[in-house]
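Before any comments, here is the structure.
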Amino acid sequence: CDADNSCSGAIINCGNQANCFITANQPNALFGAIINGGSDTSTQLECALNINCSASNSCERAQINGQAVDQLNIYCDVDNSCKDITLYCPPYSGTEDKHCVVYGNEQV
């Protein structure tokens, strides 16, 4: 999503049995988008969902559905880049490993 509002309101479905990388590097690129992480139930490989919100308001009001992935990482690199997101994390697996991480500055 590399233009202003380019994926605004979109529904993005990541494929199963694969890692998914999404970059929102322009203002409002993923504004109000719904992102669904894939899963891997057949081969037990780990599937990750990685979202990089690197512009002002780039992921504002996005809904991120990561319940089915093994690892969810969200990078909020700019003030307000992840403002008012709705986040559904993978379930706790009983280990000390973190499966849902939001990176950013003090504005996150």
Side-chain angles (χ1 to χ4, degrees):
C1 299
D2 57 2
D4 290 6
N5 298 303
S6 58
C7 297
S8 179
I11 297 174
I12 300 170
N13 295 309
C14 295
N16 289 332
Q17 302 177 351
N19 292 326
C20 187
F21 299 91
I22 298 171
T23 299
N25 57 11
Q26 294 296 320
N28 302 307
L30 282 170
F31 183 91
I34 297 173
I35 302 167
N36 299 308
S39 66
D40 185 358
T41 57
S42 62
T43 62
Q44 301 302 312
L45 295 174
E46 289 200 8
C47 291
L49 174 56
N50 297 285
I51 302 171
N52 187 359
C53 304
S54 59
S56 178
N57 304 93
S58 56
C59 295
E60 183 176 353
R61 297 188 186 172
Q63 177 178 318
I64 301 167
N65 299 317
Q67 306 97 311
V69 300
D70 297 297
Q71 181 69 42
L72 174 59
N73 298 302
I74 302 171
Y75 301 88
C76 303
D77 298 333
V78 179
D79 292 348
N80 294 320
S81 60
C82 293
K83 182 179 176 182
D84 295 328
I85 64 171
T86 301
L87 180 60
Y88 297 97
C89 291
Y92 176 67
S93 66
T95 67
E96 292 185 23
D97 296 334
K98 293 177 176 71
H99 299 285
C100 185
V101 183
V102 178
Y103 300 92
N105 59 26
E106 67 277 355
Q107 298 295 318
V108 175

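Note that the structure is a prediction, hence the values are computed from the model and not measured.
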For a quick test of reading the model, state the closest non-hydrogen atom pair linking [X] to [Y] and the distance between them.
X: Cys100; Y: Gln71; value: N-NE2, 4.2 Å
X: Gly37; Y: Leu49; value: CA-CD2, 3.9 Å
X: Pro90; Y: Leu72; value: CD-CB, 4.0 Å
X: Ser56; Y: Val78; value: N-CG1, 3.9 Å
X: Asn65; Y: Tyr88; value: OD1-CD1, 3.1 Å

Less than 2.5 Å separating the SG atoms of Cys82 and Cys76?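 Yes, because the SG atoms of Cys82 and Cys76 sit under 2.5 Å apart, which meets the disulfide cut-off.
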
Should the SG-SG distance of Cys47 and Cys20 be recorded as below 2.5 Å?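 No disulfide here.
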
Would a single hydrophobic cluster contain both Ile74 and Ile34, if residues Ile, Leu, Val, Met, Phe, Trp and Tyr are joined by side-chain heavy-atom contacts under 4.5 Å?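 Not linked; separate clusters.
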
If Ile, Leu, Val, Met, Phe, Trp and Tyr residues are connected whenever their side-chain heavy atoms lie under 4.5 Å apart, and connections chain through other members, are Tyr75 and Val101 in the same group?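 Yes, same cluster.
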
Donor-acceptor contact below 3.5 Å, side chain Asn19 vs main chain Ala48: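 Such a contact is found between Asn19 side chain and Ala48 backbone.
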
Would the distance check show the side chain of Asn28 and the main-chain N or O of Asp4 forming a donor-acceptor pair, the cut-off being under 3.5 Å?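 Side chain of Asn28 to backbone of Asp4, a donor-acceptor pair under 3.5 Å: no, none is there.
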
Could you tell me if Asn13 and Asn36 have a donor-acceptor pair between their side chains, going purely by distance under 3.5 Å?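 The answer is yes; a qualifying pair exists.
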
Distance (rounded to the nearest 0.5 Å) between [X] [atom1] and [Y] [atom2]:
X: Asn25; Y: Ser58; atom1: CG; atom2: OG; answer: 8.0 Å
X: Gln26; Y: Asn57; atom1: CD; atom2: CG; answer: 12.5 Å
X: Cys53; Y: Tyr103; atom1: SG; atom2: OH; answer: 14.0 Å
X: Ile51; Y: Leu87; atom1: CD1; atom2: CG; answer: 8.5 Å

By the definition side-chain contact (heavy atoms from CB on, under 4.5 Å), identify the one residue from Ile22, Asn73, Asp77 that meets it with Asn52.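 One option only clears the test, and that one is Asp77.
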
Quick check: do Asn80 and Glu60 have side-chain heavy atoms less than 4.5 Å from each other?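 No, their side chains stay 4.5 Å or more apart.
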
